[in-house]
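One is the number of the first residue; the rest follow in order along the sequence. Ligands are counted one by one from 1 in listed order, and the atoms in each one are counted from 1 as well.
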Amino acid sequence: MTAHATIPNDYAPAPGLLEGRVILVTGAGQGLGRAVALACAAHGATVALLGRTPKKLEATADAIEAAGGAEPLLAPLDLAKANAGEFEQLAHLLRREAKRLDGIAHCASHFVPLTPLANQTPDQWLALLRVNLVAPHALTRACLPMLIAAPDASVVFVGETHGLNPAAFWGGFAVAKSALPALAAIWADELEGAGKPRMNVIVPGPIATPQRRMSHPGEDPAGLRRPESVATAFLYLLGPDGSAVSGRTCVL
Ligand SMILES: NC(=O)c1ccc[n+]([C@@H]2O[C@H](COP(=O)([O-])OP(=O)(O)OC[C@H]3O[C@@H](n4cnc5c(N)ncnc54)[C@H](OP(=O)(O)O)[C@@H]3O)[C@@H](O)[C@H]2O)c1
């Protein structure tokens with residue numbers, strides 16, 4: 001069974017929490033990924049921004065620099081199409097340009113509108129599995145030597161409620177997300193030991209983002225949590241305050 005952990009609701013990250021660290025954030029062009037990238041940069045990290053749309057990454061980078069953060073590294077990549085060589089190239093770019101890597105927040109996500117399994121095509125499933133499951137593994141795998149070399153590295157996968165409690169119409173999206181707690185637990189078990197990279201999953205619950213508008217059209221976003229408030233939980237796991245937590249699934 002998946003082991004759970006709790007992130008304190010009132011967690012208040014110290015101002016320079018991630019000073020000197022380099023954090024890769026996927027899906028950094030909008031929604032949760034953008035908020036996590038801004039929060040990491042605001043707490044001293046240099047961030048590498050990965051996403052499909054260069055213009056959105058540039059906008060996130062501009063916002064980070066306007067707020068006084070370090071100049072981010074931009075890494076446009078389509079995770080639905082990336083092959084093993086491209087994941088290695090990305091790790092090579094990070095090694096060359098940033099010299100180190102202390103964490104990854106896997107916020108990129110591919111979603112298709114809710115529909116019965118019988119309506120979902122193999123091509124849709126391949127895209128869902130590639131972006132939501134294969135890419136988090138492949139990217140972490142390519143970056144693992146840098147993560148192991150860092151003194152307190154931390155990887156955060158992003159799960160989804162229906163990955164834990166499957167329900168009708170969530171289809172291949174929920175199936176892909178359901179594997180992330182196992183991925184984190186297996187990797188944490190393999191890497192167990194002081195100073196080894198930590199591997200955890202955050203299940204954020206409903207957040208006011210473009211994906212939520214797609215899964216729940218017509219819902220008033222005013223009652224939902226803002227991505228900025230959810231980003232604080234990522235700081236807990238990415239920084240030293242979460243150093244005792246690995247192999248866990250944290251439901252917010
Ligand atoms: N929003 C919620 O209520 C909610 C609830 C539970 C869990 N989550 C999880 O939280 C995470 C963030 O979700 P979100 O709501 O912020 O989603 P979102 O607004 O849809 O953003 C997803 C991001 O992923 C990127 N992306 C999608 N396909 C990609 C691809 N093929 N290659 C590279 N990047 C790609 C998008 O880039 P482009 O914009 O360039 O396409 C976008 O920046 C996801 O893992 C999601 O499942 C969200």
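- Not a single protein heavy atom sits closer than 4.0 Å to atom 36 (C) of ligand 1.
- Distances from atom 14 (P) of ligand 1 to the heavy atoms of T209, V158, V230 show the closest one on T209.
- Under a 4.0 Å heavy-atom criterion, L224 is not in contact with ligand 1.
- The salt bridge (Lys or Arg N to Asp or Glu O under 4.0 Å) test applied to R34 returns no partner, not counting sequence neighbours.
- Nearest-residue assignment for atom 26 (N) of ligand 1 (options A135, S109, G51; heavy-atom criterion): S109.
- Not a single heavy atom of A208 lies less than 4.0 angstrom from ligand 1.
- Distances shorter than 4.0 angstrom occur between a heavy atom of G159 and an atom of ligand 1.
- Here's the thing with P204: none of its N/O atoms is less than 3.5 angstrom from an N/O atom of ligand 1.
- Counting the atoms of ligand 1 from 1 in the order shown, those under 4.0 Å from a heavy atom of P210 are 19 (O).
- Every atom of ligand 1 with a heavy atom of F173 under 4.0 Å away is listed here by number and element: 47 (O).
- The option with the heavy atom closest to atom 16 (O) of ligand 1, from among L252, L32, I207, I202, is L32.
- Remark: ligand 1 atoms within the under-4.0 Å shell around heavy atoms of A80 are 31 (N).
- Residue nearest to atom 45 (O) of ligand 1, selected from E160, H106, K177: K177 (by heavy-atom distance).
- Not a single heavy atom of H110 sits less than 4.0 Å from an atom of ligand 1.
- When V245, V156, D152 are each tested for a side chain to side chain contact (heavy atoms under 4.5 Å, CB included) with R198, only one passes: D152.
- Residue pairs meeting the side-chain hydrogen bond (donor to acceptor under 3.5 Å, both in side chains) criterion with at least one member in residues 234-252, sequence neighbours excluded: Y11-D241.
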